[in-house]
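One structure below.
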Amino acid sequence: MQQRRSFDEPAPPRTYRPLRQVVVYLCITYAITLAIALALPHAGIAPLLAIAAPVIAVALTTAFAVPRGQRRAVWATVGFHPRRGRGLLIAVLGPVAIIAVSFGVAAAFGVVRFPAPGPGFGFAILNVIVTTIIFSVVFLGEEIGWRGFLLFRLAELTSGRRAAVLTGAFHAIFHLPLLLLTTTYQSEGKRWIIVPMVMVTLTLAGVWYGWLRLWSGSIWPVSLSHSAFNNVGAGVAGAAIATSPAMMAYVTTETGVATMITLVLVAVYLLTRRAADFRKAEPKDARPTSEPSTAARRAHTDDPR
């Protein structure tokens, strides 16, 4: 069984001072996002620009906080090579199912209703598909940082399951400047209701994304799934007729209680019934006691020759 895992994806490396890497990465990511929110509080492009913050933070963290000899292994752990084709299918079906349940609950309670499909229905479906594919590349900017880098650094410090939850929580906090300081991101509804639900929802979504990265062995299904959540959800919300935009935000979409409860169930299932998959994030080699160059100098000094 171990040989099969090695064939699918090598065990992640144990790096030098992972906690320092985590702190540096988060400080850079949050600083960039805060700067964007403060500079462009009313610009629709602000959320799009923020997508680049995590991958920029990974590049800087790797350059300045990771020893030279470990940088290639850190980038290899991101998972740029697709390993399971069915991971792409699961990446889309998961968000579609969650969105269907969430909007189904909203429709059952009379919060939204859907008119009969009109002449432009086919074009609307095609538009969602194309947009989802395009943004699966765009969202690599986020997922390289969260599930390609941070997940594995946290797994050096705690269990794979806790690392997935923590990564989701840090990812949720990343959205706070956009939620609180801009007017173009999830602007419907009262902030004191919307913000806590978004924090919980994104933390739980991190369990799904983390499991998908580890099960598939690739970052591509994660980025595709992230894109599907956003674009399929936006497409369904655009087609729905709501009693009020705020009420729809409270019940469904990324900010709603129905989505949050659905993700609670998904996260509990994955953390309990698929726990073995999360252990793939944990390194198996011994913890380094010092930086490689320092260790080499000490070994040379201790050599009796």
Side-chain angles (χ1 to χ4, degrees), residues 42 44 46-48 50 90-132 135 139 168-169 171-209 212 224-270:
H42 308 297
L48 187 62
I90 298 298
V92 174
L93 292 180
V96 168
I98 292 169
I99 291 166
V101 170
S102 179
F103 275 91
V105 170
F109 281 92
V111 176
V112 299
R113 62 182 180 86
F114 294 93
F121 180 73
F123 178 79
I125 294 294
L126 179 62
N127 182 62
V128 169
I129 293 172
V130 171
T131 306
T132 298
F135 272 83
F139 277 114
H171 184 206
I173 295 170
F174 162 76
H175 291 79
L176 279 177
L178 299 174
L179 287 165
L180 297 174
L181 301 176
T182 71
T183 59
T184 58
Y185 181 73
Q186 305 292 0
S187 57
E188 300 295 343
K190 296 183 183 298
R191 297 297 88 185
W192 67 272
I193 299 176
I194 293 297
V195 171
M197 287 200 290
V198 171
M199 292 297 99
V200 175
T201 296
L202 292 179
T203 299
L204 297 170
V207 176
W208 162 259
Y209 292 138
L212 191 59
L224 177 61
S225 190
H226 193 154
S227 179
F229 262 118
N230 285 28
N231 290 292
V232 174
V236 175
I241 299 174
T243 55
S244 76
M247 186 58 66
M248 183 168 71
Y250 296 147
V251 176
T252 185
T253 71
E254 186 180 353
T255 61
V257 66
T259 307
M260 182 180 68
I261 293 174
T262 305
L263 279 168
V264 168
L265 300 176
V266 172
V268 168
Y269 170 80
L270 292 175

List the steps and the verdict of side chain to side chain contact (heavy atoms under 4.5 Å, CB included) for Val266 and Val207. CA-CA 8 Å; Val266 172; Val207 176; over 6 Å; no
Just verifying a value: how many Å separate [X] [atom1] and [Y] [atom2], rounded to the nearest 0.5 Å?
| X | Y | atom1 | atom2 | answer |
| --- | --- | --- | --- | --- |
| Met260 | Ile98 | CE | CD1 | 14.0 Å |
| Tyr185 | Thr255 | OH | OG1 | 9.5 Å |
| Leu204 | Thr262 | CG | OG1 | 10.5 Å |
| Asn230 | Ile99 | CG | CD1 | 8.5 Å |
| Thr253 | Met197 | OG1 | CE | 8.5 Å |
| Phe229 | Glu254 | CZ | CD | 9.0 Å |

Taking it one step at a time, do His175 and Val195 satisfy side chain to side chain contact (heavy atoms under 4.5 Å, CB included)? CA-CA 9 Å; His175 291 79; Val195 171; over 6 Å; no
How close do [X] and [Y] get, counting heavy atoms only, and between which atoms?
| X | Y | value |
| --- | --- | --- |
| Ser227 | Thr132 | OG-O, 2.7 Å |
| Leu178 | Ala50 | CD1-CB, 4.1 Å |
| Ala240 | Phe114 | CB-CE2, 3.5 Å |
| Gln186 | Arg191 | O-NH2, 2.6 Å |
| Ala91 | Ala228 | O-CB, 4.4 Å |
| Thr201 | Gly256 | OG1-O, 4.4 Å |

Measure up the His226 and His171 rings against each other and bin them: parallel (under 30°), tilted (30 to 60°), perpendicular (over 60°). perpendicular
Worked verdict on Leu202 versus Phe174 for side chain to side chain contact (heavy atoms under 4.5 Å, CB included): CA-CA 10 Å; Leu202 292 179; Phe174 162 76; over 6 Å; no
[X] side chain near [Y] side chain, heavy-atom distance below 4.5 Å:
| X | Y | value |
| --- | --- | --- |
| Leu224 | Phe135 | no |
| Val232 | Val128 | yes |
| Met199 | Leu176 | yes |
| Val111 | Thr252 | no |

